[in-house]
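Below is one structure, written out as structure tokens, with a few remarks after it.
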Amino acid sequence: MQLSREDEQFRDRLRRWLAGSLTGRFAALRGAGGPGREHEAHDERLAWNRHLAAAGWTCLGWPAEHGGRGATLAQQVIFHEEYARSGAPSRVGYLGEELLGPTLIAFGTPEQQRRFLPAIRAVDELWCQGYSEPGAGSDLAAVATTAAPDGDEWVITGQKIWTSLAHVADWCFLLARTQAGSRRREGLSYLLVPMRQSGITVRPIRQLTGTSEFNEVFFDGARTRRDLVVGPAGDGWRVAMGTLSFERGVATLGQQIGFEREFGRLVEAARRTGAAADPALRDKLARAWIGLAAMRAHALDTLAAGPEAAGAAPSVLKVLWSRWHQELGELAMEVLGAPSMVARGEPYDLDDWQRLFLFSRADTIYGGSDEIQHNIIAGRALGLPRQARP
Ligand SMILES: Cc1cc2nc3c(=O)[nH]c(=O)nc-3n(C[C@H](O)[C@H](O)[C@H](O)COP(=O)(O)OP(=O)(O)OC[C@H]3O[C@@H](n4cnc5c(N)ncnc54)[C@H](O)[C@@H]3O)c2cc1C
């Protein structure tokens, strides 16, 4: 990616700001949070996120009229790379900033934009994503949660599952069936629902890592205002797919810097433990390094081509990174040998490598499983006929 002088100045400003800000009460937050570690220092990370927002470092890619900075693609890439490089903690407001915000900008009414975008930008309200249900994961069109009109409100009944961060969220953007008797993609609506109400029960799910960052969410006559539907009622599928198209995007580059850091630490560990002398492990480490380079090149190409030209590229990237990261976890267990199979203490006192190994089992599931990505690639890249539904 070609960088201009302004881009380099932007990078210098950001670097200085991060170095100057990750001090004092925020110094201890370096490296906190992220997949498998969302439970860590939540309140302190929230304070950090608000500090970022106050300095104008949230929602960089949003247009200025919606409170963003209208930053160029290059500057957004720089932001995510420098942010990850600085070791700053993972951001607690990313579902609002990266998924709902762009969705409201694309599909929301001016009232919805005015009501919700400033609070997302300032990290005053946190969001969760209510798509998956016990019977609707990969097959999202099987959503069975209903929302029935009642005066100037919707009344929501059903269950969502795997809802990340629902236990700390103020609001949920969810997909519900608003047209009784409708099937599949028809009759769904995209609703904005306040989480703190008596009709909603959030039950944490204990994960392989021993922590709970996702939840079951039960809607038992929960209510939201009638005008809090994004896009026309009944047209929620289109809006929901719009949200998915924003998933990851430029943040992928930051994720890859995080991977590079993990990989660098693993190479150091291999040197320290003597594992680097094992020819088979050296071979795997070299291959992992090649994988990182291929991912970066692919991500930059995909971003530069833009969403219209994307085709199967986002699916290719998802498969590349999820497999790579899972294999890194497996490689870490090999490098560290037999001791990696024993937790330091009970219950679940895992070290970073054990947590990475266990949490990365989920990488090939969330954000669309690898099998689903293969189906998309088969259709979009190879032009193969659609798979028959069982
Ligand atoms: C860490 C994590 C966080 C998550 N956060 C959220 C969240 O915040 N909000 C939310 O709504 N959801 C969230 N999810 C849910 C996630 O989107 C689903 O797990 C995912 O869509 C898969 O759905 P499922 O679990 O029901 O599995 P299923 O769809 O039942 O799939 C089971 C297996 O069958 C395979 N399979 C399914 N259909 C096909 C097919 N047609 N062809 C070939 N193979 C197939 C799948 O690949 C998978 O291996 C999260 C999941 C994880 C792991």
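All ligand and atom numbering here is 1-based and tracks the order in the structure.
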Which pairs of nitrogen or oxygen atoms, taken one from ligand 1 and one from the protein, are under 3.5 angstrom apart?
from: ligand 1; atom 1: 5 (N); to: W162; atom 2: O; distance (Å): 2.9
from: ligand 1; atom 1: 5 (N); to: S164; atom 2: OG; distance (Å): 2.8
from: ligand 1; atom 1: 8 (O); to: S164; atom 2: N; distance (Å): 3.0
from: ligand 1; atom 1: 8 (O); to: S164; atom 2: OG; distance (Å): 3.3
from: ligand 1; atom 1: 9 (N); to: Q129; atom 2: O; distance (Å): 2.7
from: ligand 1; atom 1: 11 (O); to: Q129; atom 2: O; distance (Å): 3.3
from: ligand 1; atom 1: 11 (O); to: Y131; atom 2: N; distance (Å): 3.0
from: ligand 1; atom 1: 11 (O); to: S132; atom 2: N; distance (Å): 2.7
from: ligand 1; atom 1: 11 (O); to: S132; atom 2: OG; distance (Å): 3.2
from: ligand 1; atom 1: 12 (N); to: S132; atom 2: OG; distance (Å): 2.8
from: ligand 1; atom 1: 17 (O); to: S132; atom 2: OG; distance (Å): 3.4
from: ligand 1; atom 1: 23 (O); to: S138; atom 2: N; distance (Å): 3.3
from: ligand 1; atom 1: 29 (O); to: S138; atom 2: N; distance (Å): 2.9
from: ligand 1; atom 1: 29 (O); to: S138; atom 2: OG; distance (Å): 2.6
from: ligand 1; atom 1: 41 (N); to: Q387; atom 2: OE1; distance (Å): 3.1
from: ligand 1; atom 1: 42 (N); to: N375; atom 2: ND2; distance (Å): 3.2
from: ligand 1; atom 1: 47 (O); to: S369; atom 2: OG; distance (Å): 2.6
from: ligand 1; atom 1: 47 (O); to: E371; atom 2: OE1; distance (Å): 2.7

**Q.** Pair R265 + E262: basic N to acidic O under 4.0 Å
**A.** no
Q.
Would K318 and W321 count as a cation-pi pair here, with the cationic atom under 6.0 angstrom from the ring centre and within 45° of the axis?
A. yes
Q) Looking at the rings of W171 and F116, which for Trp means the six-membered one, are their centres under 6.0 Å apart? A) yes
Q. Would you call the rings of W48 and F26 parallel, tilted or perpendicular if under 30° counts as parallel and over 60° as perpendicular?
A. perpendicular
Q.
Between R226 and E153 (salt bridge meaning N to carboxylate O under 4.0 Å), is one present in this structure?
A. no
Q) Would you say the ring centroid of W57 lies under 6.0 angstrom from that of F10? A) yes
